Visitor: 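Pasting in a structure now, in structure tokens, and then I'll have a few things to ask.
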Amino acid sequence: MTTRYRVEYALKTHRRDQFIEWIKGLLAVPFVLYSQPHGAIDRQGTVNLSQTREEAHRRYSEILRDVEGMIDDHIAHQNDPENPFPSKLKLLVPSIGPFFTRLPLEAAFKYQDSKRYISSRRFVSPSFNDVRLILNSAQMMAVTTYGTLQLATFDGDVTLYEDGQSLEPTSPIVPRLIDLLRKNVKIGIVTAAGYTTADKYYARLHGLLDALASTTELNPSQKQSLIVMGGEANYLFEFSPSSPHLLAPVPREKWLTPEMAAWDDRDIAQVLDVAEAALRDCVRTLNLPAVLMRKDRAVGIVPNPPETRIPRESLEETVLVVQKTLELSAAGRARRVPFCAFNGGRDVFVDIGDKSWGVTVCQRWFGSSSEPSRGQGEGGAIKGQNTLHVGDQFLSAGANDFRARSVGTTAWIASPAETVDLLDELAELMEKRAS
Ligand code: IMP
Ligand code: MG
């Protein structure tokens, strides 16, 4: 449990996605066996490159079709509470979670191969990013083919705008979000950024909010289909053309789920106290150029002076220390209030609640009734299979979008530019279906 445990933890658990690594490993086999690296230097032309590419394409497709079948089997297990045995996929990838839709991986691979020329590569095997994008494409196909997308939720930093920046009027994301609203998809911006007042959110989102206020493309009900859920699951604002900063705060009693309403202020304070002490400890022991920031529903450390960069290793160490300290504390063990410790890229925050609650609130807000739901959509809330959360933080530890996976489908992007590509892919699929 000591050094080896810690080394393995550091190398594996929090820096890797086991499902993606597993698929990568499967694709590495045909890559090694059938790629023809000497083709690049073959002057006689004895290596037929198009044939090698076709062979690689066929074998990668077959593997992804097999994984697709395993996911179907996993879903069958998931839907059969009587079955005591784990699915084959669960045995092979123990960290695998629930699936809200099947995933057409073979078709998604073919699509990404046509864009990324994965099968044409002879020196670089199918990578983490290749697999991540194949999974995203499969999820886009699934939410538009097997059902109807009703709710799209978006993380803020890195997903809608660069880290620490804001959504400017010139951002290519703005017209794409308006287009989603025009297609009657509800939108929730589910960000960790926790502010109690509308002006702060307006500062981050003004490009979208101003466009929404002035557009003639949307009817009033479509305009009403945008909400902002801040601080993971702590502050709700709805779009309101007549309010200052175009956002109106919604009082908590109007949207808290019964579970959330039961979170006690004393427990919240206790979690934040433990987190604050652990953060202060890290600032001291790692000599971090940072100051502590305590809010009513969060505590974090931010760089000081603001333009300094805290080393990535120090940020990661801090998250893992705080996470462990909280888990082992009396407040953490009691599990009365959920919390989320994450590395924001430049800072570290511990928030009360997490994005699974934030997305759940959006599902209920836009659903037809206010009955409780956690991804299952009882009582008229939008279901997990009709929900898509787009974010950049999906590692299992020290990341905050990860939790949204328990209540809906997700797409893992790495930059705002990738969000643009994803939204284009989604729009094309939705239009194809509509016609
Ligand atoms: P997200 O990517 O939209 O979830 O935003 C995460 C970033 O919001 C963090 O990295 C912080 O820089 C910033 N932030 C501001 N206030 C808070 C807070 O109360 N909790 C967590 N993050 C915050
Ligand atoms: Mg983010």
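First listed ligand is number 1; within each ligand, the first listed atom is number 1. The basis for the numbers below is simple: all heavy atoms, side chains too, and nothing from hydrogens, waters or symmetry mates. In this text the structure is predicted, and so the values were computed from the model without any measurement.
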Visitor: Is ligand 1 under 4.0 Å from a heavy atom in the side chain of Thr191, in the backbone, in both, or in neither?
Guide: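 Both the backbone and the side chain of Thr191 come within reach of ligand 1.
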Visitor: Considering heavy atoms of the protein only, find what lies nearest to atom 16 (N) of ligand 1 and give residue, atom and distance to 0.1 Å.
Guide: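 Minimum-distance protein heavy atom for atom 16 (N) of ligand 1 reads Lys295 NZ, 2.6 Å.
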Visitor: To which protein heavy atom is atom 11 (C) of ligand 1 closest, and what is the distance rounded to 0.1 Å?
Guide: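 Going by distance alone, atom 11 (C) of ligand 1 is nearest to Asp347 OD2, 3.1 Å.
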Visitor: Using a 3.5 Å cut-off on N or O atoms only, is Gly156 in polar contact with ligand 1?
Guide: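 Between Gly156 and ligand 1 (N or O atoms, distance only) the closest approach is under 3.5 Å.
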Visitor: Does Asp157 bring an N, O or S atom to under 2.8 Å of the Mg ion (ligand 2)?
Guide: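 Checking Asp157: at least one N, O or S atom is under 2.8 Å.
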Visitor: Identify which one of Thr153, Thr387, Asn386 satisfies the side chain to side chain donor-acceptor pair (under 3.5 Å) criterion when paired with Gln363.
Guide: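 The side chain to side chain donor-acceptor pair (under 3.5 Å) with Gln363 is passed solely by Thr387 among Thr153, Thr387, Asn386.
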Visitor: Looking at the Mg ion (ligand 2), is one of the N, O or S atoms of Asp401 less than 2.8 Å from it?
Guide: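 Within the cut-off used here (under 2.8 Å), Asp401 places no N, O or S atom near the Mg ion (ligand 2).
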Visitor: Should you measure from each heavy atom of Asp351, which atoms of ligand 1 turn up under 4.0 Å away?
Guide: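 Result: 18 (C), 19 (O), 20 (N), 21 (C).
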Visitor: So for ligand 1, is Gly194 a polar contact partner (N or O within less than 3.5 Å, distance only)?
Guide: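 It does: an N or O of Gly194 is found under 3.5 Å from an N or O of ligand 1.
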Visitor: Name the closest protein heavy atom to atom 2 (O) of ligand 1, giving the residue it belongs to and the distance to 0.1 Å.
Guide: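 Atom 2 (O) of ligand 1 sits closest to the protein heavy atom Asp155 OD1, 2.7 Å.
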Visitor: What is the minimum heavy-atom distance between Val350 and Ala341, and which atoms define it?
Guide: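 What the structure gives for the nearest pair is CG2-CB, 4.0 Å.
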Visitor: Could you tell me the residue and atom name of the protein heavy atom closest to atom 18 (C) of ligand 1, and the distance to it rounded to 0.1 Å?
Guide: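 Checked against all protein heavy atoms, atom 18 (C) of ligand 1 sits closest to Ala192 O, 3.4 Å.
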Visitor: With the Mg ion (ligand 2) as the reference point, give the N/O/S atom of Asp392 that is nearest.
Guide: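 Per the distance ranking, Asp392 contributes OD1 as its closest N/O/S atom to the Mg ion (ligand 2).
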Visitor: Between Arg294 and ligand 1, find which residue part has any heavy-atom pair under 4.0 Å and reply side chain, backbone, both or neither.
Guide: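 The answer is neither.
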Visitor: Go through it in stages, so that I can follow the logic: the residues are Asp354 and Ser356, the test is side chain to side chain donor-acceptor pair (under 3.5 Å), and I'd like the CA-CA distance, side-chain angles, deciding distance and then a yes or no.
Guide: CA-CA 6 Å; Asp354 61 49; Ser356 72; 2.6 Å; yes
Visitor: Nearest heavy atom to atom 14 (N) of ligand 1: which of Gly344, Gly300, Ala193, Gly164 does it belong to?
Guide: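 Result: the heavy atom closest to atom 14 (N) of ligand 1 is in Ala193.
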Visitor: Is Glu232 touching ligand 1 with its side chain, its backbone, both, or neither, if touching means heavy atoms under 4.0 Å apart?
Guide: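 No part of Glu232 comes within reach of ligand 1.
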Visitor: Check Asn400 against ligand 1 and report side chain, backbone, both or neither, counting heavy atoms closer than 4.0 Å.
Guide: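 Asn400 to ligand 1: side-chain contact only, backbone stays beyond 4.0 Å.
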Visitor: Which bit of Asp157 is near ligand 1, meaning a heavy atom under 4.0 Å away: side chain, backbone, both or neither?
Guide: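 For Asp157, backbone and side-chain atoms both sit under 4.0 Å from ligand 1.
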